[in-house]
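If you're wondering where the values come from, they're calculated on a predicted model, not measured in any experiment. Here, residue 1 is the first one in the sequence, and each next residue gets the next number.
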Amino acid sequence: MPRLGIILHGVTGRMGYNQHLVRSILAIRDQGGLTLKSGERLEIDPIIVGRNRDKIEQLAKRHNIARWSTDLDAALADANDQIFFDAGTTLMRAELIGRALDAGKHVYCEKPISDDLRTAVKLARKARASGLKHGVVQDKLFLPGLRKLALLRDSGFFGKILSVRGEFGYWVFEGDWGVPAQRPSWNYRKKDGGGIILDMLCHWRYVLDNLFGEVKAVSCLGATHIPTRIDEQGRPYECDTDDAAYATFELEGGVIAQINSSWAVRVRRDDLVTFQVDGTHGSAVAGLTKCWTQHRVNTPKPVWNPDQPQTIDFYKTWDEVPDTQAFDNGFKAQWEMFLRHVAEDAPWPYGLEAGAKGVQLAELGLKSWAERRWLDVPALEF
């Protein structure tokens, strides 16, 4: 049975633990590995690495992980492990990925791959030149709701796509009246790599590029709506970076996209993120898992009349797209795709170049906010 040893760094955090360790790597391990095209089963052999010995050791015991370490250098030096994965902090990521490439490891990582474009491009070029496999998490493309949007697009349902409107976010509690915050305090400190523009515009780049058209220009307005929050130790701190972003994008083919991202918004919609796609022949609204459509022959004909209550129940005029296939966890699905890429050179379109494009859009979004103007998104050279 072929084997892949995987160094997992940064899996004590919420996302790294839940999505990458438990629901992806351990789920693949516990299902007996991954079936390759040859029919062989690929064995997954993880080692978890972190600075906190007690936390790492307890994590290993809880999940029956045979190997763990606090020595990243030693892990990178072990020729028996072929892949390095990072879900740690943004500010450490580029340096860690560079070290892993120097050690001859294939690399896979969370986004953003850096907090500045120059470093991100340099890292992507280094990965290309190494001949090693490399990739960045593009998890939202693997969500059932967005996969249904892709299915509708590929079927020609929309006709000509005109516009995309996205709403993302929820109320992150300030922590000052008895309800603890559900996001870490570093998210709101610039020096720690925080800010919703850096975080979310990396996501919106790959969503827009892959589903609706390559991003050609951006206009972005950021805001710090909640200036003071309470940290994990119960102490107040000043938030010096953006907790909301209101962005408009011009896409290839004339499609206009508008996406609001906020950690200071209360949800009255179908999901924590929703995308509405309007086309000449039909429209669709997708959340994380569900998707609804309205074809032009089923579109109601409202008439503006502010003098009487609305007579149309607009929600009832949409039809849900059925689940015609089983959708696995999105993070796990992409992990399996990357593992096949490493093990049998299966197709893989999400290299570190895609990560650099995400950083580019975030950097341009911040610049657009600072300069209060539209900015073109030039092609990157790798």
Side-chain angles (χ1 to χ4, degrees), residues 15-16 18-20 23-25 27-28 34 85 87 107-113 120 124 133-155 157-158 161 164-169 198-215 247 249 251-253 255 257-259 261 270-277 284-293 321 323-342 346-362 377 380:
M15 181 69 72
N18 289 320
Q19 298 294 357
H20 292 290
R23 297 170 191 165
S24 296
I25 292 300
I28 296 169
L34 191 63
F85 170 75
V107 296
Y108 185 46
C109 67
E110 265 291 351
K111 38 67 44 203
I113 64 171
K133 310 291 189 185
H134 52 94
V136 62
V137 175
Q138 315 268 264
D139 56 284
K140 288 178 176 50
L141 293 177
F142 295 83
L143 290 169
L146 270 67
R147 290 178 65 182
K148 291 171 185 175
L149 282 182
L151 183 68
L152 292 167
R153 178 204 60 195
D154 294 344
S155 74
F157 170 82
F158 294 111
I161 294 178
V164 180
R165 286 189 292 280
E167 290 285 345
F168 165 80
L198 178 60
D199 186 8
M200 296 312 302
L201 262 64
C202 292
H203 281 295
W204 306 149
R205 179 67 190 268
Y206 69 73
V207 168
L208 295 173
D209 277 2
N210 284 278
L211 292 181
F212 309 113
E214 189 173 349
V215 179
F249 309 93
L251 310 185
E252 188 175 30
V255 178
Q258 300 168 285
I259 304 181
S261 311
D270 295 308
D271 216 327
L272 297 186
V273 62
T274 58
F275 293 92
Q276 176 163 337
V277 184
V285 177
L288 294 170
T289 58
K290 294 182 179 296
C291 181
W292 295 265
T293 60
V321 177
D323 290 329
T324 54
Q325 57 185 299
F327 296 105
D328 206 345
N329 176 279
F331 289 86
K332 179 173 178 276
Q334 192 179 358
W335 258 109
E336 291 181 343
M337 191 177 180
F338 182 71
L339 293 174
R340 288 193 172 94
H341 178 54
V342 172
W348 174 259
Y350 310 118
L352 290 178
E353 300 92 343
K357 287 182 179 181
V359 175
Q360 178 193 37
L361 190 62
V377 180
L380 294 175

Seminar exercise, completed: Heavy-atom nearest pair, D209 first then V215, reads OD1-N, 2.9 Å

For this session: Might you point out which heavy atoms bring M337 and P347 nearest each other, and give the distance in Å?
Result: CE-O, 3.9 Å

Problem set entry | Any E167 side-chain heavy atom under 4.5 Å of Q276 side chain | no

Problem set entry | Pairwise distance CZ(F212) to CG(L149) - rounded to 0.5 angstrom | 5.0 Å

Problem set entry | Worked check of side chain to side chain contact (heavy atoms under 4.5 Å, CB included) between V164 and I259 | CA-CA 8 Å; V164 180; I259 304 181; 5.7 Å; no

Exercise. So, Q360 side chain and V377 main chain: donor-acceptor pair closer than 3.5 Å or not?
Worked result: no

Seminar exercise, completed: Residues I113 and G355: closest non-hydrogen pair is CD1-C, 3.8 Å

Problem set entry | Euclidean distance, K332 NZ relative to L34 CG, rounded to 0.5 Å | 8.0 Å

Exercise. Any sub-3.5 Å donor-acceptor pair from D271's side-chain atoms to L288's backbone N or O?
Worked result: yes

Problem set entry | Under 3.5 Å donor-acceptor, Y206 side chain and V137 backbone | no

For this session: Would you confirm whether the ring centroid of W204 sits within less than 6.0 angstrom of the ring centroid of F249?
Result: no

Exercise. Should D199 and K111 be marked as a side chain to side chain contact (heavy atoms under 4.5 Å, CB included) after you check the CA-CA gap, both sets of side-chain angles, and the distance that decides it?
Worked result: CA-CA 8 Å; D199 186 8; K111 38 67 44 203; 2.8 Å; yes

Problem set entry | Aromatic ring pairing Y350/W348, orientation class (parallel under 30°, perpendicular over 60°, tilted between) | perpendicular

For this session: Spell out, as yes or no, whether a donor-acceptor pair under 3.5 Å connects the side chain of T293 to the backbone of A284.
Result: no

Seminar exercise, completed: NZ of K148 to CZ of F157, rounded to nearest 0.5 Å, is 14.0 Å

Exercise. What pair of heavy atoms forms the shortest contact from F158 to L152, and how long is it?
Worked result: CE1-CB, 3.7 Å

For this session: Could you check E336 against R340 for side chain to side chain contact (heavy atoms under 4.5 Å, CB included), going step by step and ending with a plain yes or no?
Result: CA-CA 6 Å; E336 291 181 343; R340 288 193 172 94; 3.9 Å; yes

Problem set entry | Over all atoms of both residues, closest heavy-atom pair of F275 and G166 | CD2-CA, 4.0 Å

For this session: Give, for atom SG of C291 and atom CG of L143, the distance between the pair rounded to the nearest 0.5 Å.
Result: 12.0 Å

Exercise. How about Q334 and D139: does a side-chain donor come under 3.5 Å of a side-chain acceptor?
Worked result: no

Problem set entry | Any donor-acceptor N/O pair, H341 side chain to A346 backbone, under 3.5 Å | yes

Exercise. Measuring from M15:CE to F331:CZ, what's the distance to the nearest 0.5 Å?
Worked result: 4.5 Å

Exercise. Could you give the distance from CG (L146) to NZ (K140), rounded to the nearest 0.5 Å?
Worked result: 9.0 Å

For this session: Identify the two heavy atoms, one from R153 and one from I161, that lie closest to each other, and give their separation to 0.1 Å.
Result: CG-CD1, 4.4 Å

Exercise. What residues, two or more places apart in sequence or in another chain, satisfy side-chain contact (heavy atoms from CB on, under 4.5 Å) together with A362?
Worked result: L198, L201, C202

